[in-house]
Amino acid sequence: MSLMSKIAVAHSLDTPAQPRPESTSRIHLEETGFKGPNSTARISILTGGGDKPYALGLAAALIEQGVAFDFIGSDYVDDPSLHNQALVHFLNLRGDQDTKSGRLSKAWRVLKYYAKLIAYAASARPKIFHILWNNKFELFDRTLLLLYYKLLGKKLVLTAHNVNTAARDSADTALNRLSLRTQYSLADYIFVHTEKMKAELLRDFPAPDSKVIVIPFGINNTLPNTALTAVGARQRLGLGRADKVILFFGNIAPYKGVEYLASAWAEVAPKMSDARLVIAGRLKAQDASYWDDIHQTLVAGDLGRRVLEKIEYIPDEDVEIYFKAADVLILPYTTIFQSGVLFLGYSFGLPVIAADVGSLKEDIIEGETGFVFPPRSATHLAKALTEFFRSDLYLQLSQRRQKIRDFANDRYSWSKVAKITTACYSKLLHHD
């Protein structure tokens with residue numbers, strides 16, 4: 001099936017059976033006080049102070065739906081679009097999150113935040129608290145804090161971007177599972193991004209099928225996207241106009257499988273003299289030894305001079321440089337359900353080569369938006385890279401980029417996310 005044909009049927013691929021987005025029109029939202037700046041049933045969006053693209057994407061979509069809401073954020077997620085807007089009440093409870101602060105300063109900052117959050121909840125008008133991410137202390141957030149919200153009579157909607165992050169990171173414990181079970185049992189609706197995520201949640205943390213809702217992962221459309229060209233982006237990174245640029249982007253951690261990319265690079269690079277590898281992303285302190293071994297593989301022999309390492313946090317305003325300079329994005333993950341980096345790449349029209357883990361294969365149209373390879377296999381990744389650079393997808397990349405953007409903007413549109421989300425809000429208010 002062609003890419004444009006896929007776009008035509010994308011709605012049938014993403015809409016969950018329950019609740020149907022159309023149910024929004026059957027519930028008279030104005031009668032429940034759901035919509036409008038004078039609404040007594042405001043929604044509260046609790047962002048945890050991070051994931052700016054997702055938080056702002058959802059906020060913009062809810063504004064388009066006419067939903068009034070409080071937005072509990074931080075300096076990081078603050079944005080002009082949240083101000084001078086009748087539907088939005090922005091509350092910067094988290095404030096500064098400077099990672100360079102001392103331990104005592106960080107501890108005091110977090111304690112003040114929790115105090116503000118608890119005080120806010122006690123007097124907040126919203127009947128629904130939509131939790132996008134938990135805060136600093138996961139065990140407290142999943143248990144006592146949620147119980148507190150419930151005692152205040154709040155309805156809880158939870159977006160579970162990961163079903164069990166600790167299991168993914170090989171750090172699961174009985175206490176972690178117990179806290180997750182509590183969190184999922186207290187939530188009135190749980191949003192997940194794929195059917196596989198729903199299946200795992202229902203298997204490991206039993207819950208009524210009707211309260212676990214699959215919603216698309218909204219396309220990342222909040223990061224700066226200026227008039228910078230691919231040529232200009234490459235110049236800023238010191239890359240040649242004719243280079244074949246391979247990009248790995250995002251936090252560097254063992255589950256990301258970067259070691260397989262390094263081994264594949266060692267196999268491909270000698271046969272492809274014009275190839276360049278760019279690795280950009282932050283490394284957590286506990287993963288330093290993991291990266292050290294990968295770095296040694298990357299710089300072995302003469303190949304190191306063709307590797308650009310930016311092992312640091314990439315500011316929002318610089319993200320477009322990497323995605324516009326690249327020809328292809330690599331996701332060599334060993335375990336994951338869905339990747340926000342994939343959708344970030346799509347938003348810039350960048351094709352992807354991804355390991356067949358989680359639901360990544362469902363988001364890639366072979367030969368049209370990218371390629372898939374067996375996970376934990378440097379040899380298969382090397383073959384996929386070779387195939388990509390011989391394919392029409394690469395040879396016609398300048399024309400294909402817009403088709404990839406069109407596909408992603410339709411299939412993962414925030415308007416679709418908002419319709420499903422508001423349908424759930426409405427049901428909670430309607431049955432209050």
To the nearest 0.5 Å, tell me how far [X] [atom1] sits from [Y] [atom2].
| X | Y | atom1 | atom2 | value |
| --- | --- | --- | --- | --- |
| L308 | I246 | CG | CD1 | 12.5 Å |
| L393 | T369 | CG | OG1 | 7.5 Å |
| L228 | F323 | CG | CZ | 13.5 Å |
| W133 | T47 | CH2 | OG1 | 11.5 Å |
| H193 | S339 | NE2 | OG | 11.5 Å |
| I404 | R401 | CD1 | CZ | 7.5 Å |

(request) State plainly whether the residues R234 and D243 are in salt-bridge range, i.e. N to O under 4.0 Å. (result) no
(request) Run the salt-bridge test on D274 and R306 with the 4.0 Å N-O cut-off and return the result as yes or no. (result) no
For [X], is the [atom1] atom crowded, meaning more than 12 foreign heavy atoms sit under 6.0 Å from it?
| X | atom1 | value |
| --- | --- | --- |
| K106 | NZ | yes |
| K136 | NZ | no |
| R390 | CZ | no |
| K211 | NZ | yes |

Side-chain ([X]) to main-chain ([Y]) donor-acceptor, under 3.5 angstrom:
| X | Y | answer |
| --- | --- | --- |
| R109 | D96 | yes |
| T334 | Y255 | yes |
| Y425 | V157 | no |
| S359 | E362 | no |
| S185 | T182 | yes |
| D79 | S81 | yes |
| K196 | G358 | yes |
| T165 | N162 | no |
| E320 | T226 | yes |
| K256 | N251 | yes |

Just by distance, with hydrogens left out, do [X] and [Y] show a side-chain donor and acceptor under 3.5 Å apart?
| X | Y | result |
| --- | --- | --- |
| Q296 | D292 | no |
| T159 | H130 | yes |
| Q183 | N134 | yes |
| N409 | Y346 | no |
| D204 | N164 | no |
| R142 | N176 | yes |
| S415 | S413 | yes |
| Y394 | D327 | no |

(message) Which residue is it: V214, T421, L158? I am looking for the one with a side chain to side chain contact (heavy atoms under 4.5 Å, CB included) to F191.
(response) T421
(message) Looking at F69, I'd like to know if the NZ or CZ of R42 sits under 6.0 Å from its six-membered ring centre while staying within 45 degrees of the ring's axis.
(response) no
What closest approach, in Å, do [X] and [Y] show between heavy atoms, and which atom pair accounts for it?
| X | Y | value |
| --- | --- | --- |
| A262 | I294 | CB-CG2, 3.9 Å |
| A55 | L132 | CA-CD1, 3.9 Å |
| Q97 | G48 | NE2-O, 4.2 Å |
| V77 | L82 | O-CD1, 3.7 Å |
| P206 | R181 | CD-NH1, 3.5 Å |
| R236 | D318 | NH2-OD1, 4.4 Å |

(request) Kindly indicate, with the supporting measurements, whether the criterion side chain to side chain contact (heavy atoms under 4.5 Å, CB included) is fulfilled by Q85 and F90. (result) CA-CA 9 Å; Q85 169 58 252; F90 176 72; over 6 Å; no
(request) Evaluate the criterion side chain to side chain contact (heavy atoms under 4.5 Å, CB included) for residue pair I45 and F129; output intermediate values, then yes/no. (result) CA-CA 6 Å; I45 307 297; F129 278 17; over 6 Å; no
(request) Please assess N92 against Y76 for the test side chain to side chain donor-acceptor pair (under 3.5 Å), listing each intermediate value before the final yes or no. (result) CA-CA 10 Å; N92 187 351; Y76 174 64; over 6 Å; no
(message) Once you measure the plane-to-plane angle for F249 and Y322, does it fall in the parallel (<30°), tilted (30-60°) or perpendicular (>60°) bin?
(response) tilted
(request) Anything under 30° is parallel, anything over 60° is perpendicular, the rest tilted; go ahead and classify Y54 against F217. (result) perpendicular
(message) Go through it in stages, so that I can follow the logic: the residues are V341 and Y333, the test is side chain to side chain contact (heavy atoms under 4.5 Å, CB included), and I'd like the CA-CA distance, side-chain angles, deciding distance and then a yes or no.
(response) CA-CA 12 Å; V341 178; Y333 303 163; 4.1 Å; yes
With heavy-atom distances below 4.5 Å as the criterion, would you say the side chains of [X] and [Y] are in contact?
| X | Y | value |
| --- | --- | --- |
| L146 | L156 | yes |
| L87 | L62 | no |
| Y184 | V212 | no |
| F71 | L56 | yes |
| V307 | V299 | no |
| V352 | I364 | yes |
| I279 | L298 | yes |
| L397 | V328 | no |

(request) Start with the C-alpha gap between N135 and Y113, add the side-chain angles, then the distance that decides, and say whether side chain to side chain donor-acceptor pair (under 3.5 Å) holds. (result) CA-CA 9 Å; N135 304 295; Y113 168 66; 2.8 Å; yes
(message) Applying salt bridge (charged side-chain N to carboxylate O under 4.0 Å, His left out) to D75 and R94, what does each step give before you reach the verdict?
(response) CA-CA 7 Å; D75 289 355; R94 190 73 185 266; over 6 Å; no
(request) Given side chain to side chain contact (heavy atoms under 4.5 Å, CB included), test N225 with K324 step by step and report yes or no. (result) CA-CA 9 Å; N225 189 352; K324 287 184 175 179; 2.9 Å; yes
(request) Report the C-alpha separation of K154 and D188 in whole Å, then their side-chain angles, then the decisive distance to 0.1 Å, and conclude whether the salt bridge (charged side-chain N to carboxylate O under 4.0 Å, His left out) test is met. (result) CA-CA 10 Å; K154 305 302 181 184; D188 294 283; over 6 Å; no
